[in-house]
Each structure stands twice: as C-alpha cells, then as structure tokens.
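Contents: one structure, followed by commentary.
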Number of protein chains: 2
Amino acid sequence: MYEQLRLDNQLCFRIYTASRMLTQAYRPLLEPLGLTYPQYLVMMVLWEKDNQLVGDICQRLRLDTNTLTPMLQRMEKEGLVIRTRGIADGRQTLVSLTRKGHRLEEQAKEVPSCLTRGMQDTGVCTEDLLRLATTLDTLMGIMETTKEGQH
Amino acid sequence: MYEQLRLDNQLCFRIYTASRMLTQAYRPLLEPLGLTYPQYLVMMVLWEKDNQLVGDICQRLRLDTNTLTPMLQRMEKEGLVIRTRGIADGRQTLVSLTRKGHRLEEQAKEVPSCLTRGMQDTGVCTEDLLRLATTLDTLMGIMETTKEGQH
DNA sequence: TATATTTGCATCGTGTACGATATAATTCAA
DNA sequence: TTGAATTATATCGTACACGATGCAAATATA
C-alpha cells in the first residue's frame, strides 16, 4: 500500500469532486434558464462582450473548438446565439447574442447570490474562499507553464 | 453589466478549469498505463482494498452507477478488473483486480511524484496546498448538506 | 405467503471534454 | 503568382457525467 496512492491524499481528486458537486449545485438554478453549466459560462463571456469569435471564447474558457463548436450549435438551435461567418476573414465564425440571449442576463443575475446564500453561516469565511481562488490561480499558472515546457 | 456575472469573479469557474487542467496534466503520465484519470481513481480505490462492490466504489468516488458501470465494463475488457455477481445478494456486483490490475500499482506509484516534481520551486508552498485541500473539504461538506436539504 | 416496496445495478439519451483529423480561407515564399 | 505552410473552425471517435428509466433480487407488509 503506497501512501502516495491513497485517494484521500490526492488534491486532484478533491478538485475533481468539488467541480462536479458545484456543477450539480448550479443545475437546479440554471435549469429554469434552459442552460447547462458550460453553456452558462459561454453566456457570461458573451454578456461581458457581445459579438466574439469562436477563438475568443475558446481562449477565455480554455476550451477547444471541438468542445465549443457543437455546444454553440446547440445554443444556436435554442435561439440563444447566432453564428455568422466572418466578413473580413472567411475562416472565422462570429458568435452574437440573440434578443432572447440578452434577456436571459436579467434572470441569470440572481444565480450567483442564490448559490452563495446557501453557504451563509456555514463556517467558510470569505477570506478562506479568496485564498482558495488565489491558490488555484497560482496552481493553474504553474500547470500552464509546465505544459508549454513539454513542447 | 452585472459584477456578480463576471467570469473572473466565479470561484466555480476556477475549480472547473483547474480540474480540467489537472486531468490534462495526468494524461501523459497515465497513458503509458493505459488508464484515463477516472479509471485511475477506480484503481486507487481497489488498490486500497480489493474486492469491492460497485456501490462501495460509487460512494467512495461520489459517482453514480450510470457512470461507473460502463467504465468498469471497459476496464474489464482491458483486463484490469473482473466483475462477478454477488453470491449472498444476487443484486450486487463484486469488482476485483486481475493480476494485471495488481501489477499496475507498481508503475502507478511513480505517478504522483512525477506530477509534483513539475511544481517544485514554483512558488506554491505545501502549506498553501494543505489549506486548499481543507477549504475544499469544507466547501464540499457544505454542498453535501445543502443538497440533502432540498429533498 | 402473496404482494408491494425497496435496493443494487444496468441501460438509455443527451451533453460535455478532448485527441485526431479534415477543410476551407489566408498568408507566405519561391 | 502559384504552390506550400498556416490558421480558424468543424467533424469524428471515444470516454466520461448524469437525469431518467428498467429490472431482477431482496425485503417489508398485509
């Protein structure tokens, strides 16, 4: 029995599980909006700035086109976005919000607080969560650079 | 523009991205073993204790049978585990390591240190990572209880 | 003890993730 | 300027995740 292979010693398993649990926590809040969690992320990117290229969204969410293209196609079918071929550069695809997609922001703005409310008075202080965010940013920065080192 | 909908303010997005990046970091280490990251988790559970029920593994990894059953079937086809119907209780399925599955532990024991080595001298101290783990545990504990409150 | 309920697992359908490959538009180079 | 590399997306195949449903074995109940 190797100590380093114990599940409880795996930071990665914690992050993996926390990620799934958070997505599940979002589900009941996003279902009324007709969004999955990854789609909600795309919408946040577009609410921040409309009319973005597929590549822009890829960069922002750190997802590749092989994940985003089908997702955007589903969102287009749902009437949330429109995909138009680039005029200047014919290879590009521009993603824009529809009126429906824009309106959804009003409903979505309640989602974050709904999720946070459930965590009030439960022992996690804001300070802990800020530190969590900072450490994750550091960790991701490292993984970003070590990944590049492999090329 | 609602401040609470800014992507950079989303703790969940950080955890979601960190989880994907970590899985990607594991990939080149696990590929020689013929394992995906979720399969590696199953193997860790079985290396800790052989001959476990599907339900035991589900509980440990917080995954449902609709995820694990197909995964275990693939692993059985790869010759890593054997699934046998429970004798005492005919509904149960017992998952056991094959000789090949056992042997894999010897190779796998190098994986965690390989991953950690790349992070040496990069600014994240062990203390930060321990705090990260603690906060995540607290967070998951909260989500566990608030989820139950919905029933 | 016959039937209703529960339990443990499997199956199905949809939506991500992601490596690999394809394709068309653009740019580079000879 | 024409063919070769590059770039921006798209498509394909495989493997998760997970809600919903199915099913047989076990248990509870009348």
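Numbers restart at 1 for each chain; the letters A, B, ... are given by sequence-line order, proteins then strands.
Atom P of nucleotide D/dT9 and atom CD of A/Q59 are separated by 11 Å, given to the nearest angstrom. For the pair A/L53 CG and D/dT7 P, the computed distance is 16 Å after rounding to whole Å. The distance from atom CZ of B/R27 to atom C1' of D/dT14 is 11 Å, rounded to the nearest whole Å. Rounded to an integer number of Å, the gap from A/Y26 OH to D/dC18 P is 16 Å. What separates CG of A/N66 from C1' of D/dT14 is a distance of 12 Å, to the nearest Å.
The nearest heavy atom of DNA chain D to A/Y16 and to A/L68 marks one nucleotide each, and the one closer to the 5' end goes with A/L68. Each of B/Y37 and A/D64 was matched to the nucleotide of DNA chain D holding its nearest heavy atom; the match closer to the 5' end belongs to A/D64.
Across all strands shown, B/T65 has heavy atoms under 4.0 Å from base atoms, whether or not it also approaches the sugar-phosphate. Note on B/T67: a base of the nucleic acid sits closer than 4.0 angstrom, heavy atoms only.
The aromatic rings of A/Y26 and A/Y40 lie tilted to each other, with the angle between the two planes from 30° to 60°.
Between A/L139 and A/I15 the shortest heavy-atom distance is CD2-CD1, 4.2 Å. Residues A/L29 and A/L33 share a closest heavy-atom pair of O-CG, 4.0 Å. A pairwise comparison of heavy atoms in A/M21 and B/R62 identifies CE-NH1, 3.9 Å as the closest pair.
For A/N51 and A/S96, the side-chain atoms include at least one donor-acceptor pair closer than 3.5 Å. With hydrogens and angles left out, the side-chain atoms of B/E106 and A/Y2 include a donor and acceptor closer than 3.5 Å.
Using a 4.0 Å cut-off, some side-chain N or O of A/T93 falls inside it from OP1 or OP2 of D/dA10.
The stretch residues 71-92 of chain A touches DNA chain C through A/M71, A/R74, A/A88, A/D89, A/G90, A/R91, each having a heavy atom under 4.0 angstrom from the strand.
The shortest side-chain heavy-atom distance between A/R60 and A/I57 does not fall under the 4.5 Å cut-off.
In the 5' to 3' direction, nucleotides of DNA chain C lying under 4.0 Å from heavy atoms of chain A begin and end at C/dG15 to C/dT26.
B/R20 forms a cation-pi arrangement with B/Y16, by the criterion of a distance under 6.0 Å to the ring centre and an angle within 45° of the ring axis.
The side chain of A/P70 approaches D/dT11 more closely than any other nucleotide in the set D/dA10, D/dT11, D/dA15.
Using a cut-off of 4.0 Å between Lys/Arg side-chain N and Asp/Glu carboxylate O, B/E3 and A/K109 are scored as not salt-bridged.
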